[in-house]
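Positions are given from 1, in the same order as the sequence printed here. Both counts, for ligands and for their atoms, begin at 1 and track the order of listing.
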Amino acid sequence: MTAIICGKCRQEMQEVELEQYEFEEGIVLENVRAMRCPQGHVTFTEEQAQEMERRSEDIKKHAFRFVRSVSKSARSLVIRIPADLAKHLDINENSKVEMIPLGKKKFMIEVK
Ligand SMILES: [Zn+2]
């Protein structure tokens with residue numbers, strides 16, 4: 001394997017294991033393999049990044065999720081929030097939420 005040089009300080013990087021790393025927002029992985037230089041800059045090889053992606057996907061698959069159909073109300077579309085999720089998020093009929101599109105097939109709802 002050829003040496004990996006730090007893009008910030010040009011020093012050689014060594015493989016280390018990070019105690020925790022948040023590869024995706026809200027998903028914290030433990031004991032993550034990474035490359036680190038003597039200055040403490042961190043980067044990931046393609047193989048390490050793929051491993052983190054695979055582990056993040058695994059966690060998402062096992063996280064609790066709800067599937068609901070979209071219905072219509074006047075000109076708007078309605079998605080019902082399951083009672084368990086509402087309780088978990090502490091939202092009620094007076095809550096305000098912000099909807100943020102994340103690409104074409106995803107959006108995030110943030111409780112205000
Ligand atoms: Zn560095």
Measure the spacing between CG of L85 and CG of D90 and express it to the nearest 0.5 Å.
11.5 Å
Is there a donor-acceptor contact under 3.5 Å from the side chain of Q48 to the main chain of M52?
no
Under 2.8 Å from the Zn ion (ligand 1), how many protein N/O/S atoms can be counted?
4
Just how far is it from atom CD of E51 to atom OG1 of T45, taken to the nearest 0.5 Å?
9.0 Å
Ring centres of Y21 and F44 under 6.0 Å apart?
yes
List the atom of V97, the atom of V111, and the distance in Å for their closest heavy-atom pair.
CG1-CA, 4.2 Å
CZ-CD1 distance between R55 and I27, expressed to the nearest 0.5 angstrom
11.5 Å
